[in-house]
Amino acid sequence: MVTKTRLKVEVDAKADGASSFVVVPTKLGAQTLTVLDNRTGTLYEVPISDGTIRATEFKALNLQVHLGNSEVFDPAYLNTAVCRSTICDIDGENGVLRYRGYPIEELAEKSSFMEVSYLLLYGELPTKSQFFHFNNEILRHTMLHIKIVELMKSFNFDSHPQGMLISTIAALSTFNADANPALQGQAIYQNPRIRNKQIFRLLGKVPTIAACAYRHRIGRAYNEPKFGLSYTENFLYMMDHMGEEDYRPNPKLVKALDVLFILHAEHELNCSTAAMRHIGSSLVDPYCAISGAASALYGPLHGGANEAVLRMLAEIKTKDNIPGFLIDVKNRKKKLMGFGHRIYKNYDPRAKIIRQIAYEVFEICGKEPLIDVAVELEKQALADDYFVSRKLLPNVDFYSGLIYKAMGFPVDMFPVLFTIPRVAGWLSHWVEMLQDKENKIWRPRQVYVGEGKRAYVPIDARKEGSNIKIQESTER
Ligand code: CMC
């Protein structure tokens, strides 16, 4: 609770001009913040909890920004915490990332994507029997309804696979009436059994949909999931099986992709995970929410950056063109994709691991020639004051695309390869949100700066030329 004191303002007789002072009563050591409204001389004591201040406490400050309430203005959520979470911890200044307390480096070295998914969803590493049950349930849900397959086949031949994935995940909502809160009641997801069922379905089906989207793009028949393979092995199988007997994907490539899946599984409240929580807060089914989160991921500033990096490197083409490219970046004509991060002001720990894996993959698939351009681009950028002063370093997307390309994935599959593992992170946040007693429907405020009340003018009375001109489309 905010407390309020009206301060007596005294004029400082000794000071030159109109200087004034107040004596502020302090409670040193109290878990509060003292805020002085200089307009009125009112002193507010605002409680601090978990190192944060509740934005709703600021209502009491009565700044009269909007209808007498005070709001905290934070475009693009630069410094606003919207939930408590125990899933993922990032220390951006020191380049540290942990899932449920486990360092990302250790998980990448010792764990598997399925085990990490369990950890993210349920908070602990699974025992052998827990892992067996979880893994089985997910692999049992990899099949697609024949109508979903038909729906995918109706996409245009050159549809972007991420668009196909987003649309098909949303369509899954219509195939699972048992999971629709509109039909089953808004409390259905309070039941852990029903929540888990959707988790198994989504984690199981997303790689199958992704593989079908790829096969669609290359004009090949879709492959059915194959039982007896691991999660990541089955995905590569569905992507690449061309009818060979006993086909098995290369185990080293399976391992490399599995590590990439671990690295991409979770990253606290990034744009898409925030979207997942935002959409999920309306209590819609998780298929619609995941589809929305996958749409947020698709953008070039987020999960679409890996695709954009590859297109950028292909455009730079040779090391000689790097200085000219960096001049264009500094003149704001271009952006150095795969660099910079809202949270990391140090080397992204995932990028370090990915750079290492790249060389392991090249040993099997052959070197991707653009790696030399990427390494030199990183070197020149990290020696340039523009990037150093802004703490712009490579992020997770800078090297991942080079590995995917070396493994033979087409560039437009890159965001899809980011989406598959991130589903585990999104679902973990969905579960945490549903269990959070403080959660309500998400509804931010705005600062209205538009017109005040005005009278409607009939169309005949409006003056030509006084309105905003809508650009006409030139293509007819
Ligand atoms: N190239 C050139 N300048 C940059 C870049 C970049 N990649 N990133 C940031 N800057 C500049 C920016 O122009 C600004 O300069 P100034 O202060 O002079 O105006 C300053 O650095 C701070 O940048 P910002 O745009 O305020 O930072 P942000 O936190 O809003 O944006 C970002 C973060 C990741 C969107 C941005 O760094 C970016 O666009 N990077 C390229 C796209 C990319 O690689 N995205 C993947 C992010 S990591 C994985 C994921 O989340 O999906």
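Atoms considered below: every heavy atom in the structure, side chains included; atoms not considered: hydrogens, waters and symmetry mates.
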Next item on the list: Check whether NZ of the Lys or CZ of the Arg K153 lies under 6.0 Å from the centre of the six-membered ring of Y222 and within 45 degrees of that ring's axis.
Entry: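 Judged by the rule, K153 and Y222 form a cation-pi pair.
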Margin query: Is the positively charged end of R390 above the ring of Y386, judged by distance under 6.0 angstrom from the centroid and angle within 45° of the axis?
Written below: yes
Do we see a donor-acceptor contact under 3.5 Å between the side chains of [X] and [Y]?
| X | Y | answer |
| --- | --- | --- |
| S159 | N156 | no |
| T127 | Q130 | yes |
| S428 | E266 | no |
| Y102 | D89 | no |
| S173 | D285 | yes |
| Y344 | E93 | no |
| T273 | E268 | no |
| T32 | E45 | yes |
| Y118 | E124 | no |
| D74 | T80 | yes |

Ion pair [X]/[Y], N-O distance below 4.0 Å:
| X | Y | value |
| --- | --- | --- |
| R140 | E137 | yes |
| E71 | K59 | no |
| E432 | R277 | yes |
| E307 | R311 | yes |
| R201 | D178 | yes |
| R217 | D158 | no |
| E106 | R98 | no |

Item checked: Point-to-point distance, once rounded to the nearest 0.5 Å, from CG of L172 to NZ of K205 -> 7.0 Å
Notebook entry, point to check: What distance separates F418 CZ from H267 NE2, expressed to the nearest 0.5 Å?
Noted result: 8.5 Å
Item checked: Inter- and intrachain pairs under ring pair (Phe, Tyr, Trp, His ring centres under 6.0 Å), touching residues 160-179, at least two apart ->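 Qualifying pairs, neighbours excluded: H145-F175, H160-Y298.
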Next item on the list: Not counting sequence neighbours, list each pair that qualifies as a ring pair (Phe, Tyr, Trp, His ring centres under 6.0 Å) and has a residue in residues 182-218.
Entry: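 Non-adjacent pairs meeting ring pair (Phe, Tyr, Trp, His ring centres under 6.0 Å): Y189-W430.
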Next item on the list: Sort out for me which residue in L297, I209, I290 forms a side-chain contact (heavy atoms from CB on, under 4.5 Å) with T419.
Entry: L297
Note to self: I'd like to check the side-chain contact (heavy atoms from CB on, under 4.5 Å) partners of A211; sequence neighbours left out, ordered by chain and number.
What the structure shows: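 Here the qualifying residues are F235, M238, M239.
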Notebook entry, point to check: Centroid-to-centroid, F398 to F339, below 6.0 Å?
Noted result: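 Yes, close enough.
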Notebook entry, point to check: Where does the angle between the aromatic ring planes of F134 and Y122 fall among parallel (under 30°), tilted (30 to 60°) and perpendicular (over 60°)?
Noted result: perpendicular
Notebook entry, point to check: Any idea how H241 and Y247 line up, ring-wise: parallel (<30°), tilted (30 to 60°), or perpendicular (>60°)?
Noted result: parallel
